[in-house]
Structures are given as structure tokens and as C-alpha cells.
Amino acid sequence: TSPTPSSKTTNERPKLLVGASSAGRLVTIDPVSGKTIKVLTIVKNPKDETEGGLLGGASLTPDSSRVYFDVTTKAEPQIQSISTKGGEGTVVTNGNDPAVSHDGKSLAYIRSNGAFNSSLVIRTLATGAERTVDVVAAPALARPSWSRDDTRLLVQAASDIGEAAIVVINLEGTIVSKLAPAPDAKTGTQWYSPTLLPDGNIFLSENCCGGGRSADANKDSRLIVVNTSGKLQTVIAYGLPKFHSGTGADTSGKHLMYLSGEDLMVSDDGGRPAPLAHGLVGATWR
């Protein structure tokens with residue numbers, strides 16, 4: 001459910017939507033009808049080489065010519081890229097959660113160093129040079145998201161005892177701000193899957209009461225927009241019936257998407273979310 005209906009038409013949505021399906025296919029999708037347009041690549045199952053390999057996060061270049069995505073292989077998660085017109089894919093590096101900068105020059109991603117230990121890496125796409133960004137007191141990282149001017153990154157951080165936070169950092173790793181649910185939130189409420197919007201606000205999933213393991217917890221879970229101080233700006237959806245694994249936005253910040261289970265939901269200009277496509281584990285648009 002959502003507090004208000006959409007006031008914008010769907011034909012204003014971005015022209016290119018790429019989805020990663022639970023069946024192991026990276027596809028382009030019509031952003032209005034939700035129909036699959038083209039299969040870009042099929043990932044093999046690492047156990048038996050059949051179709052159905054595991055896909056994850058995806059990120060488009062500014063000119064929409066290529067998409068970077070992560071794949072679960074026999075060894076460790078791997079980031080690959082492929083033209084949005086199709087063809088042969090390219091292995092980029094080991095890691096997951098790729099995020100292309102707005103100027104198209106850099107790729108931020110997460111590299112695992114073991115259980116509850118990971119690093120944020122920034123790769124220069126033209127040269128392949130990489131550097132690790134040391135984020136102090138944030139051992140487990142996920143879902144980097146670039147600021148509009150590419151001077152800051154938003155990352156989800158967690159510890160091995162289940163504590164979670166969202167931090168905004170500069171490119172040296174210094175924490176600019178740290179966000180968490182308000183002190184009066186119900187015990188166990190956590191914020192995760194953040195996306196930094198063009199206006200500086202943050203679109204995220206608020207999961208109530210220990211991960212939404214019960215019907216009561218789901219009633220109090222919601223998709224919200226907060227500012228960089230953590231103050232609530234907008235409620236996009238509430239009473240979430242399924243687990244939410246990701247959020248995303250177009251370059252205008254007016255069209256928001258999120259995954260409800262494997263259903264891709266879209267909110268136009270803060271309006272009522274509606275299902276667009278199904279059977280997905282990741283999506284990106286531009």
C-alpha cells in the first residue's frame with residue numbers, strides 16, 4: 001500500500017531498464033509494459049553448467065551502452081560487463097554490488113574478505129587501476145551508491161552482531177554522516193538497501209523488528225525517503241508483504257524502483273507503487 005496514488009504517467013520513465021532474473025538471465029525490459037525485450041546473456045549454474053546461474057546487482061553506464069553486473073561463480077562473486085545491445089560479456093574483477101559513477105569514469109564495488117569483512121574498492125574503468133577505500137568501523141559493506149557530483153559514496157554497513165547503519169563517506173573513506181532509525185523506533189528496526197538520490201536524500205527500506213520475520217513486523221516495515229540527517233521526508237510504501245532486497249532510482253530521482261521478493265515495483269514521482277515485472281533479483285534503469 002501507499003499513502004497517495006501516482007500523479008505521473010508511466011511514459012515519462014527512463015528508456016532503458018535492465019533486469020537480472022532469478023532464472024539466470026540478464027534482460028532488457030520495457031519500462032512501461034514490463035515485457036522482456038532482449039536477453040543480453042544467460043548465466044550458467046556453477047554446479048552443473050545448466051541455465052539458472054545466480055545474478056545480483058546491476059549498474060548502467062551514463063550513456064547506457066554497457067551494464068555491469070555481478071555473478072555467483074564456482075569460486076567467488078564476479079563482476080562482468082556487457083553491451084546493452086548484446087554480444088559477448090567481459091569479466092571485470094572479483095566482487096559484487098557494482099556501481100558506475102555518474103561521469104562514467106569509475107566503478108565502485110564490494111570485495112569480500114571473509115565472513116562479516118569486506119572492502120569498498122574504486123576502479124578506474126579506463127586503466128583498470130584500483131584502490132581500496134578504508135571505511136573505519138564498518139567491517140561488512142554493501143550497495144555503494146554515488147552522489148551526483150561523484151565526490152561521496154553511500155554504503156550500507158553492518159557488524160557481526162547484526163547492527164546495521166548507513167554511512168555517507170568521501171572518497172578517502174572518512175564518514176561524513178551516519179544514519180540509523182530514530183531512537184523511538186521499535187526494537188530491531190533497521191535501514192538497508194539505500195540509494196542516494198540527486199537531491200541528496202536517501203531512498204531506503206525500513207525493516208521493522210528483527211528482519212520482518214513475522215506478519216506483525218511486516219505491517220510496520222516500509223519504503224521511505226530520508227534526508228542526510230535521517231529525518232523522514234516521504235513514505236513511498238508501507239505494510240510490506242515480502243522481503244525487500246534492493247532500491248533504485250533514475251537520474252532524475254522522480255522514478256523509484258524496488259524489489260518486493262522477486263516483483264519489481266515502481267513509484268512515479270512519489271506516487272503509489274505498482275508491479276512492473278516479476279521473477280527478478282536485480283534491476284537498474286537510466
Side-chain angles (χ1 to χ4, degrees), residues 1-8 10 13 19 34 56-57 97 140 142-145 154-159 162-168 177-250 252-278 280-285:
T1 57
S2 176
T4 57
S6 177
S7 61
K8 297 292 182 180
T10 55
R13 291 176 182 168
D97 287 358
R143 290 190 54 84
S145 177
L154 180 76
V155 290
Q156 178 181 310
S159 70
E163 295 178 342
I166 293 170
V167 294
V168 179
S177 60
K178 184 176 181 178
L179 298 92
D184 59 352
K186 290 189 177 181
T187 301
T189 296
Q190 294 188 2
W191 287 353
Y192 64 102
S193 294
T195 293
L196 194 56
L197 301 177
D199 61 4
N201 287 332
I202 299 164
F203 177 42
L204 55 85
S205 179
E206 181 180 75
N207 204 308
C208 174
C209 319
R213 300 185 185 94
S214 68
D216 288 340
N218 285 340
K219 289 178 183 177
D220 292 326
S221 296
R222 54 188 184 169
L223 274 296
I224 59 177
V225 176
V226 301
N227 64 18
T228 51
S229 298
K231 184 178 180 180
L232 179 66
Q233 303 296 296
T234 307
V235 177
I236 301 299
Y238 55 84
L240 309 177
K242 299 178 182 178
F243 181 75
H244 290 70
S245 57
T247 63
D250 71 333
S252 73
K254 294 182 178 181
H255 304 280
L256 307 179
M257 64 164 67
Y258 62 93
L259 286 168
S260 174
E262 294 185 355
D263 299 328
L264 180 63
M265 308 290 291
V266 174
S267 168
D268 297 302
D269 203 21
R272 187 187 304 279
L276 177 64
H278 309 282
L280 300 178
V281 294
T284 182
W285 61 4

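The figures that follow rest on heavy atoms only: side chains count, while hydrogens, waters and symmetry mates do not. A quick note: this is a predicted structure, and the numbers were derived from the prediction, not measured.
- Rounding to the nearest 0.5 angstrom, the gap separating the OG1 atom in Thr234 from the CG atom in Asn201 is 7.5 Å.
- Here the straight-line distance linking atom CG of Leu259 with atom OG of Ser193 works out to 9.0 Å at 0.5 Å rounding.
- For Pro273 against Ala237, the heavy-atom pair with the smallest separation is CG-CB, 3.8 Å.
- Of all the heavy atoms in Ile236 and Gly270, the pair that sits closest is CD1-CA, 4.0 Å.
- Looking at Ser260 and Leu240, their side chains never come closer than 4.5 Å, going by heavy atoms from C-beta outward.
- With rounding to the nearest 0.5 Å, the separation of CZ in Phe203 from CD1 in Ile224 is 9.5 Å.
- Atom OH of Tyr192 sits about 10.5 Å away from atom CD1 of Ile166, to the nearest 0.5 Å.
- When all heavy atoms of Cys208 and Ser221 are compared, the closest pair comes out as N-OG, 2.9 Å.
- Taking CG of Leu154 as the reference point, atom CD1 of Ile202 lies at 5.0 Å (rounded to 0.5 Å).
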Hey, mind stepping through Val266 and Trp285 against side-chain contact (heavy atoms from CB on, under 4.5 Å) and telling me if it holds?
CA-CA 11 Å; Val266 174; Trp285 61 4; 3.7 Å; yes
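- Residues satisfying the side-chain hydrogen bond (donor to acceptor under 3.5 Å, both in side chains) test with Gln233, not counting sequence neighbours, are none.
- Between Ala277 and Gly34, the closest heavy-atom pair is CB-O, 3.9 Å.
- Not counting sequence neighbours, Ser145 has no partner by the side-chain hydrogen bond (donor to acceptor under 3.5 Å, both in side chains) test.
- Between the side chain of Thr195 and the backbone N or O of Thr247, at least one donor-acceptor pair lies under 3.5 Å.
- A 4.5 Å side-chain heavy-atom check between Arg13 and Asp250 finds every atom pair outside the cut-off.
- Glu262 is not listed as a side-chain neighbour of Leu280, based on a closest heavy-atom distance of 4.5 Å or more.
- If you take CG on Leu204 and CZ on Arg222, they are separated by 9.5 Å, rounding to the nearest 0.5 Å.
- Heavy-atom minimum distance, Gly261 versus Lys242: N-CB, 3.8 Å.
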